[in-house]
Amino acid sequence: MNRYTEPRAHLISLLQHAVSLALPGNTGVIELDRPKQSSHGDFACNIAMQLAKTLKRPPREVAQAVIAALPASNLLDKAEIAGPGFINLFLKPAAWQSLATHILSQGDAWGRLDLGRGERIQVEFVSANPTGPLHVGHGRGAAFGASLANVLAQAGYQVHREYYVNDAGRQMDILALSTWLRYLELCNEFVPFPGNAYQGGYVRTMADSIAALHGDRYKRAAAEVVAGAPDAESDAEGRLDALIANAKRLLGADYAYIHGFALEEQLGDGRNDLTEFGVVFDTWFSEKTLHESGLIDRAVESLRHHGHLYEQDGALWFRSTAFGDEKDRVVRRDNGIYTYFAADIAYHLNKFERGFERVIDIWGADHHGYIPRVKGALSAAGADADRLHVALVQFAVLYRNGQKASMSTRSGEYVTLRDLRAEVGNDAARFFYVLRKSDQHLDFDLDLAKSQSNDNPVYYIQYAHARIASVMNAWGGVEADLLDAEVARLEQPQEIALLKRLGEYPGVIAIAAQDYAPHTLAYYLKDLAADLHGLYVACQFLVEDEALRDARLALITATRRVLKNGLALLGVSAPDKM
RNA sequence: GCCCACGUAGCUCAGUGGAUAGAGCAUUCCCCUCCUAAGGGAAGGGUCGCAGGUUCGAUUCCUGCCGUGGGCGCCA
């Protein structure tokens with residue numbers, strides 16, 4: 001049986017032992033990094049340079065003392081002093097070889113960590129207003145959030161995925177109004193369609209459905225609809241609000257039907273879209289329920305109780321400047337209606353009340369100015385704002401033949417997530433979205449995402465997986481038999497390189513989880529695929545020598561596992577054939 | 001004006017308090033009688049925006065400046 005020992009932890013314990021032996025009383029933090037150059041060993045340690053100052057001895061001399069005190073190890077080949085005082089550590093091949101069968105025996109457990117120790121963590125993402133189809137900007141938030149949630153779960157957190165539904169605000173009223181106006185057109189009641197209402201064709205589609213279902217039940221005279229409204233030239237937003245008020249008055253209880261119909265249609269559409277994209281949620285949390293259940297009243301009352309509210313100009317203000325915000329914010333308007341901010345305070349307090357030890361919000365980067373006031377409000381209400389983490393996602397800009405496609409929901413001219421998925425496929429879309437750090441602008445090259453060539457990193461990685469599947473298929477044996485492979489036969493440089501790469505996987509998961517950086521996993525998979533392709537070209541797997549063959553098959557099967565596992569975390573498929 | 005990011009090869013971007021800063025594309029050259037050439041190998045290409053500071057050591061941390069993008073509603 002080939003027992004595997006994690007090299008890094010092993011070396012750290014060796015070094016700690018050596019330091020305490022050679023330099024009693026000195027307890028520096030042992031750090032190991034992976035040198036860029038192979039001539040600098042497999043790991044390098046800077047402890048001698050750290051301790052040299054307090055010891056008042058030359059770093060190289062300290063390094064020599066540490067090396068002399070290193071205990072014997074069956075993994076460590078040699079340790080050298082190098083440069084200003086590095087200790088370069090070279091491992092025996094055996095340190096890596098056993099990884100091949102180890103990963104096979106671990107199965108899906110390889111790469112699963114216990115960093116989170118079961119901590120309950122909520123990831124809230126997408127949370128787009130259900131006022132129209134999701135666009136490519138939402139797509140990035142969806143891909144990032146889903147991948148991050150998967151990575152966190154892999155790292156041992158108990159993850160809860162949530163979508164906050166803005167079903168109570170003015171934007172929803174505008175959508176309901178837009179739908180109704182289109183419906184009135186079908187009833188031959190023509191109100192000039194406001195330029196700042198929702199223009200998209202999906203609004204007409206909803207109007208058609210309502211007309212088909214209910215005839216002219218919701219018909220009202222155009223003159224009544226516009227009665228008393230300011231003209232669009234002088235006050236476009238005021239006109240919109242007046243039309244909404246008229247709609248509510250004229251329709252009475254039926255307004256709720258139009259509103260609810262539009263909400264259900266758009267929310268359902270978004271849910272289907274996301275599900276097809278491999279993005280699923282545990283909870284769809286309704287903003288409306290915050291109003292209805294009195295949670296907002298309670299949240300505001302809490303702020304008042306702590307003495308952080310005041311009234312001015314008929315509105316109720318939160319003194320957020322006392323918590324680092326640049327100006328105070330309104331929580332209840334002079335018309336008595338709570339602001340979105342008030343609902344958000346209640347929502348975040350509710351998140352903590354539900355027992356999440358950490359809450360991650362994924363917002364568009366244009367909301368960054370919103371962070372101080374939300375954190376401030378949480379602190380003001382007596383909650384621990386440090387448990388809220390906000391990850392910002394920059395917009396994605398699509399490029400086709402160097403041409404930009406900008407987007408604006410109201411004008412109805414934008415590229416939808418569905419369009420994007422249809423054009424490049426779910427795999428390419430998911431992968432390209434997380435190929436950049438989330439808080440950086442993303443230039444999404446549609447032509448590249450579609451190309452079936454080695455330029456396309458998605459295909460490159462999937463091809464590595466398919467190649468392995470093809471070899472295993474040609475072999476036709478039983479995978480479990482490879483557990484006893486003689487891994488000591490893996491001596492080629494490409495084999496060792498691949499083994500080392502496989503050994504990095506748990507560390508990559510850890511970094512991706514800790515830094516909220518699933519892109520590191522995407523880059524790792526590219527590197528892993530490159531190592532596999534390099535080995536593929538250099539070595540024949542199905543060779544006469546059965547012991548060698550089985551060792552190599554164990555190695556590539558282990559690679560296949562990691563590729564598949566890593567791709568799954570990113571929501572990308574791992575095909576056996578391409 | 002204030003706040004937040006970013007500035008690394010011709011292009012798109014990784015990366016790190018350490019030793020000679022990487023990948024893909026693009027350019028030039030080479031490798032299939034063999035498990036998928038959607039692959040591999042080699043070469044060229046850099047004052048890590050500029051200037052100070054902290055440090056044994058800075059592309060990485062801090063400050064200023066320049067440049068780019070975004071944010072600064074009783075919208076959501």
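Hydrogens, waters and symmetry mates are skipped; everything else that's a heavy atom, side chains included, is used. A note on names: the letters A, B, ... follow the listed sequences, proteins ahead of strands, and every chain is numbered from 1.
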Sugar-phosphate only, base, or nothing, as touched by A:D576 at under 4.0 Å among non-hydrogen atoms: base

A:K437 vs B:G15: side-chain N/O to OP1/OP2 distance below 4.0 Å: yes

Residue A:H533, side-chain atoms from C-beta onward, closest of B:A76, B:G40, B:U12: B:G40

Protein-nucleotide distance (A:K375, atom NZ; B:C4, atom C1'), rounded to Å: 14 Å

A:F144 versus A:A391, closest heavy-atom pair with distance: CE2-CB, 4.1 Å

Interatomic distance where CG belongs to A:D439 and P belongs to B:A14 [whole Å]: 9 Å

A:K327 side chain near B:C74 phosphate (N/O to OP1/OP2, under 4.0 Å): yes

Nearest-angstrom distance, P atom, B:A9 to B:C66: 23 Å

B:G45 and B:U27, which share atom name C1', separated by this distance in whole Å: 10 Å

Touch class at under 4.0 angstrom, heavy-atom based, for A:C45 against every strand present: nothing

Under 4.0 angstrom between A:Q440 side-chain N/O and B:A14 OP1 or OP2: yes

Length of the line joining A:F395:CZ and B:A5:C1', which is rounded to integer Å: 14 Å

Sugar-phosphate only, base, or nothing, as touched by A:Q394 at under 4.0 Å among non-hydrogen atoms: nothing

Heavy-atom donor-acceptor pair, A:H368 side-chain to B:A5 base, under 3.5 Å: no

Length of the line joining A:R436:CZ and B:A14:C1', which is rounded to integer Å: 8 Å

Residue A:F86, side-chain atoms from C-beta onward, closest of B:C75, B:A19, B:C13: B:A19

Sugar-phosphate, base or nothing in reach of A:N46, heavy atoms under 4.0 Å: base

Phosphate contact (B:A37 OP1 or OP2) by A:R467 side-chain N/O below 4.0 Å: yes

P gap between B:A23 and B:G41, integer Å: 10 Å

A:M49 or A:N129, whichever maps to the more 5' nucleotide of RNA chain B: A:M49

Pair assignment for B:C25, Watson-Crick or G-U wobble, requiring both distances under 3.5 Å: B:G10

For A:A315 against A:D334, the heavy-atom pair lying closest together: CB-N, 4.0 Å

Geometric cation-pi criterion A:R467 and A:Y536, 6.0 Å radius, 45° cone: yes

Short side-chain N/O contact to B:C72 OP1/OP2 from A:R373, under 4.0 Å: no

Ring centers of A:H308, A:F323 separated by less than 6.0 Å: yes

For atom CH2 of A:W475 and atom P of B:C35, their distance in whole Å: 19 Å

Who pairs with B:G45 - Watson-Crick or G-U, where each distance is under 3.5 Å: none

Touch class at under 4.0 angstrom, heavy-atom based, for A:H519 against every strand present: sugar-phosphate

Where the chi angle of B:C32 falls, syn if within 90° of 0 and anti if not: syn

Sugar-phosphate only, base, or nothing, as touched by A:N335 at under 4.0 Å among non-hydrogen atoms: nothing

Polar contact flag, side-chain donor to acceptor under 3.5 angstrom, A:H441-A:R436: no

Sugar-phosphate, base or nothing in reach of A:D334, heavy atoms under 4.0 Å: base

Sugar-phosphate only, base, or nothing, as touched by A:Y523 at under 4.0 Å among non-hydrogen atoms: sugar-phosphate

Touch class at under 4.0 angstrom, heavy-atom based, for A:A52 against every strand present: nothing

Quiz item: cation-pi between A:R34 and A:F43, 6.0 Å / 45°: yes

P atoms of B:G22 and B:U59, separation to the nearest Å: 15 Å

Nearest to side-chain heavy atoms of A:Y536, which nucleotide of B:C75, B:A37, B:G69: B:A37

Euclidean distance, atom NE2 of residue A:H40 to atom P of B:A19 [Å, nearest integer]: 9 Å

Span that lies between the C1' atom of B:C6 and that of B:A14, in whole angstrom: 15 Å

Base B:A19 paired with A:N88 side chain (donor-acceptor, <3.5 Å): yes

Nucleotide opposite B:C34 in a Watson-Crick or G-U pair, distances under 3.5 Å: none

Candidates B:C34, B:A38, B:C74 - which lies nearest the side chain of A:Q540: B:C34

side-chain contact (heavy atoms from CB on, under 4.5 Å) between A:I345 and A:V374, worked out: CA-CA 6 Å; A:I345 297 168; A:V374 172; over 6 Å; no

Partner nucleotide, any strand, of B:C61 [Watson-Crick/G-U, under 3.5 Å]: B:G53

Which nucleotide in B:C72, B:G69, B:A38 has an atom nearest any side-chain atom of A:M578: B:A38

Whole-Å distance separating the CZ atom of A:F341 from the C1' atom of B:C74: 13 Å

Residue matched to B:U20 through Watson-Crick or wobble contacts both under 3.5 angstrom: none

Sugar-phosphate only, base, or nothing, as touched by A:A538 at under 4.0 Å among non-hydrogen atoms: nothing

A:Y310 vs A:D328, side chain to side chain donor-acceptor pair (under 3.5 Å): CA-CA, chis, key distance, verdict: CA-CA 10 Å; A:Y310 63 92; A:D328 291 344; 2.6 Å; yes

Given B:G40, B:G15, B:A76, the nucleotide with the shortest approach to the side chain of A:T520: B:G15

Any A:R329 side-chain N or O less than 4.0 Å from OP1/OP2 of B:C75: no

Rounded distance in Å between the P positions of B:G52 and B:U60: 13 Å

Any strand: nucleotide that pairs with B:G1 via Watson-Crick or wobble, under 3.5 Å: B:C72

Donor + acceptor pair across side chains of A:Q266, A:Y198 (<3.5 Å): no

OP1 or OP2 of B:G40 under 4.0 Å from side-chain N/O of A:Y460: yes

Length of the line joining A:L442:CG and B:G70:P, which is rounded to integer Å: 15 Å

Partner of A:W363 under ring pair (Phe, Tyr, Trp, His ring centres under 6.0 Å), chosen from A:Y370, A:F125, A:Y164: A:Y370

Pairwise P distance, B:G24 and B:C34 [rounded to whole Å]: 27 Å

Euclidean distance for C1', B:A26 against B:A43 (whole angstrom): 14 Å

